[in-house]
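I have placed the structure first, in the form of structure tokens, so that the comments after it can refer back to it.
In what follows, every chain begins at residue 1, and chains take the letters A, B, ... in the order their sequences are listed. What you see is a predicted model, and the numbers here were worked out from it, not measured in a lab.
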Amino acid sequence: MQQDISKAHDKPRHKGVNITMATDQPIRVRFAPSPTGFLHIGGARTALFNWLFARHHGGTFILRIDDTDEARSTDESMQGIYDSMEWLGLDWDEGPMVGGPHTPYIQSERGERYHKYVQQLLDTGNAYRCYCAPEELDQMRTLARVEKRPQGYPGKCRYLTEADRHKLEGEGRKSTIRLKIPEGAIIVRDLVLDVIKFEADTLDDFIIVRSNGSPLYNFTSIIDDIEMGITHVIRGADHLSNTPKHLSICQALGFDPPQCAHLPMVLGSSKGEKLSKRHGATSVGQYREDGYLPEALINFLVRLGWSYDDKEEIFSVDQLIEKFDLERVGKSGSVFDLKKLQWLNGHYITRLNLSARTDAVIPFLQKGSLLEEEKSRAWLEQFVAAVGDRLETLADITTYSYLFTDDFDYDPKAVKKWWKGDPAGILQGLRDVLGAIEVFEIEPIEAATWAHIEAAGISRIKAMQPLRVALSGESGGPGLFDIIVLLGREKVLERLDRAIQHIQEIF
RNA sequence: GUCCCCGUCGUCUAGCCUGGCCAAGGACACCGGCCUUUCACGCCGGCGACACGGGUUCAAAUCCCGUCGGGGACACCA
């Protein structure tokens, strides 16, 4: 079964050489974060594209933990990554917790697996021991920098003889192992960026094994990709310059490399800088805490570098699985625009039915200590219904704290604007009406209030706004009658008395 | 500095491969209006871009060359 993604979409997007998938096997992709921090927005985007690509093509999505840097890796980060991925709904078919045919999926647990490849490289003369000390390397680099030469390793130990090595080792020198970069240019065929050529003399013999014997990322990563049968490596464009290294290793070892696709970077500002804390929250967990819905974040993330056409941009996960492909991934970086995320989030919150929205909002009420007093489910749903589509994030729910507590201040601007003329008189009139209503429900309240306002001969707004300020301290918010019902007669009357007294003290 | 990538409204993007349908379309943001007890939603309208310069062509956002600008990588990090 030959698959050809260049024909997968009727509007192939990239010009130049047609890159087809040289594979007839089922697709296998992987997301391989290093657990040195929580799941970053950029990482989540990479994970999402891999996941969608796998789901779209009926392939396998693998989670692998690339923790070859033991010093910086932590279990806490690993757990955080799992949590964030689960929250986003990016489930993995193989990987930690779920296992799979290539267990283990955590590199630090893969032990000696890499050794035989290193040995093979050494035996075939494709790698060599390098005895240069870190300080010497540093020196060479600074010198190169000053002399404006490329800073790569100049190949000092490349042609050492057996005797040289013996001597160096006799001096007690430790050695790293470097890959011997092959002659000739390395051609990268990228599913997003097309064909990129790296001349051999611009590449240097990089270290694949530390002097303490542990292999480095650029080696383990591609080795695991090969061992795990990865067909497509989809990752951020910041890895583009590592690709010729991986290709060189494959070439030296005689392996067919996976296809690759480099995703444009996620930027933090229009200046073009990579997204960083300086630009705001960068971890998926933070957005979760800030009250964003996973479906909103997914929809937002997928549009960072991918588009479907010129009209649709709101997609459910199922639609994304159906429509997503690498064909329509763009080449240029995209700025993370929080405003757009907020808009999308508001959209998805509105789409939640009342019960689901209430459930979603409850944790945020608790976090705001607004549920100390027991509230009935019915009341809560009524409250959420009244708030309606005024939420951009779930956390916004706490702006309506005045429905839970009497502890609120009158907004000075609202006071200035709406408590003019004879506010106390107006509020007293309203108080009398509301106090006299027999059944304290929305219809009779509404009818009585309107009747009173009409009889008093004032405009609706001139009565309603002072009342709103008295009850909530603010000049905007949910329907006033909803607020009145939610508060209940007793609180409404209390707050009116308090406001009237307050006004009399001011004047 | 060296290598590599990128360059359409402020932002996300459609269009570019296969030149004419583009006096460049949509969305977010912003501004104005309508609706309304208010705010928000919604609806209507407005502002606003082919980085620049050459070339090819009857015709260029689209093809070619150059310039400029931005970014990434250059670790015994990943």
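Here the side chain of A/Trp450 is nearest to one of B/rC4, B/rU37, B/rC77, namely B/rU37. Side-chain proximity of A/Thr202 to the nucleotides B/rA40, B/rU38, B/rC3 is greatest for B/rC3. The nucleotide whose nearest atom lies closest to any side-chain atom of A/Leu240 is, among B/rC4, B/rU37, B/rA14, B/rC4. For A/Arg141, whose side chain is taken as the heavy atoms from C-beta onward, the closest listed nucleotide among B/rG25, B/rC4, B/rA75 is B/rA75. Here the side chain of A/Asp69 is nearest to one of B/rA78, B/rG72, B/rG7, namely B/rA78. Candidate nucleotides B/rG26, B/rC6, B/rC41 were compared by shortest atom distance to the side chain of A/Glu313, and B/rG26 ranks first. Comparing atom distances between the A/Tyr217 side chain and each of B/rU37, B/rG72, B/rA78 picks out B/rA78 as nearest. The side chain of A/Ile196 lies closest to B/rC4 when the candidates are B/rU37, B/rC4, B/rA14. Closest to the A/Ser34 side chain, of the nucleotides B/rA14, B/rG1, B/rA78, is B/rA78. With distances taken from any side-chain atom of A/Pro134 to the nucleotides B/rU37, B/rC76, B/rG15, the minimum falls on B/rC76.
To the nearest angstrom, C1' of B/rC4 lies 14 Å from CG of A/Asp204. A straight line from NZ of A/Lys339 to C1' of B/rC30 spans 10 Å, rounded to a whole angstrom. Between the C1' atom of B/rG72 and the NZ atom of A/Lys331 lies a distance of 16 Å, rounded to the nearest Å. Rounded to an integer number of Å, the gap from A/Glu273 CD to B/rG72 P is 8 Å. One interatomic measurement links the two molecules: CD of A/Glu199 to P of B/rC74, which rounds to 20 Å at whole-angstrom precision. Distance A/Arg351 CZ to B/rG42 P: 9 Å, rounded to the nearest Å. Atom CG in A/Leu137 sits about 9 Å away from atom C1' in B/rA75, given to the nearest Å. Rounded to an integer number of Å, the gap from CZ of A/Arg149 to P of B/rC74 is 19 Å.
A/Glu312 has no carboxylate O lying under 4.0 Å from a charged side-chain N of A/Arg328, or vice versa, which leaves the two without a salt bridge.
The two residues A/Ala386 and A/Pro478 have their closest heavy-atom pair at O-CB, 3.4 Å.
Using a 4.5 Å heavy-atom threshold, the side chains of A/Phe219 and A/Tyr217 count as separate. Using a 4.5 Å cut-off on side-chain heavy atoms (C-beta onward), A/Lys339 and A/Gln342 make contact.
A distance of about 12 Å separates the C1' atoms of B/rU57 and B/rC64, rounded to the whole Å. Separating the C1' atom of B/rG72 from that of B/rG33 is a span of 46 Å, rounded to the nearest Å.
Below the 3.5 angstrom threshold, one finds no donor paired with an acceptor across the side chain of A/Ser241 and the base of B/rC4. Counting atom types as modelled, A/Asn242 pairs a side-chain N or O with a base atom of B/rA78 as donor and acceptor under 3.5 Å. Counting distance only, with no hydrogens placed and no angle test, the side-chain atoms of A/Lys340 and the base atoms of B/rA27 include a donor-acceptor pair under 3.5 Å. The base of B/rC12 has none of its N or O atoms less than 3.5 Å from a complementary donor or acceptor on the side chain of A/Arg303.
Within 4.0 Å (heavy atoms only), A/Phe198 reaches sugar-phosphate atoms of the nucleic acid but no base atom. No engagement by A/Ser73 is indicated, since no non-hydrogen atom pair under 4.0 Å with the nucleic acid exists. Residue A/Gly305 is classed as a sugar-phosphate contact, given heavy-atom separations below 4.0 Å to backbone atoms only. Residue A/Thr36 is out of contact with every strand shown, counting any heavy-atom pair closer than 4.0 Å. Base contact: A/Asn218 has a heavy atom under 4.0 Å from a base atom. Looking at heavy-atom distances under 4.0 Å, A/Leu304 makes contact with sugar-phosphate atoms alone, never a base. Among the atoms of the strands shown, none is found under 4.0 Å from any heavy atom of A/Lys174. Among the heavy atoms of the strands lying under 4.0 Å from A/Lys197 are primed sugar atoms or P, OP1, OP2 only; no base atom is included. The residue A/Arg145 sits close to a base: some heavy atom pair falls under 4.0 Å.
For B/rG48, there is no paired nucleotide, since no Watson-Crick or G-U wobble pair has both relevant distances below 3.5 Å. Taking a pair to require two hydrogen-bonding distances under 3.5 Å in either a Watson-Crick or a G-U wobble arrangement, B/rU62 remains unpaired. When both distances must be under 3.5 Å, the Watson-Crick or G-U wobble mate of B/rU37 does not exist. Of the nucleotides present, B/rU11 is the one that pairs with B/rA27 by Watson-Crick or G-U wobble criteria, both distances under 3.5 Å. Of all nucleotides present, none satisfies the Watson-Crick or G-U wobble test against B/rC22 with each distance under 3.5 Å.
An OP1 or OP2 oxygen of B/rA73 is reached within less than 4.0 angstrom by a side-chain nitrogen or oxygen of A/Lys274. Applying the 4.0 Å criterion to OP1 and OP2 of B/rC77, one finds that A/Arg210 has a side-chain N or O inside that range.
Using cut-offs of 30° and 60° for the angle between ring planes, the A/Tyr308 and A/Phe315 rings count as perpendicular.
When each of A/Arg30, A/Arg64, A/Arg110 is tested with A/Glu227 by the rule salt bridge (Lys or Arg N to Asp or Glu O under 4.0 Å), just one qualifies, namely A/Arg110.
A/Tyr105 and A/Asp224 form no side-chain donor-acceptor contact under 3.5 Å, judged by distance and modelled atom types alone.
In this structure, A/Arg303 forms no cation-pi arrangement with A/Phe300, as its terminal cationic atom is not both closer than 6.0 Å to the ring centre and no more than 45° off the ring axis.
The stacking criteria are not both satisfied for A/His239 over the base of B/rG72, which would need a centre-to-centre distance under 5.5 angstrom and an angle between ring planes under 30 degrees.
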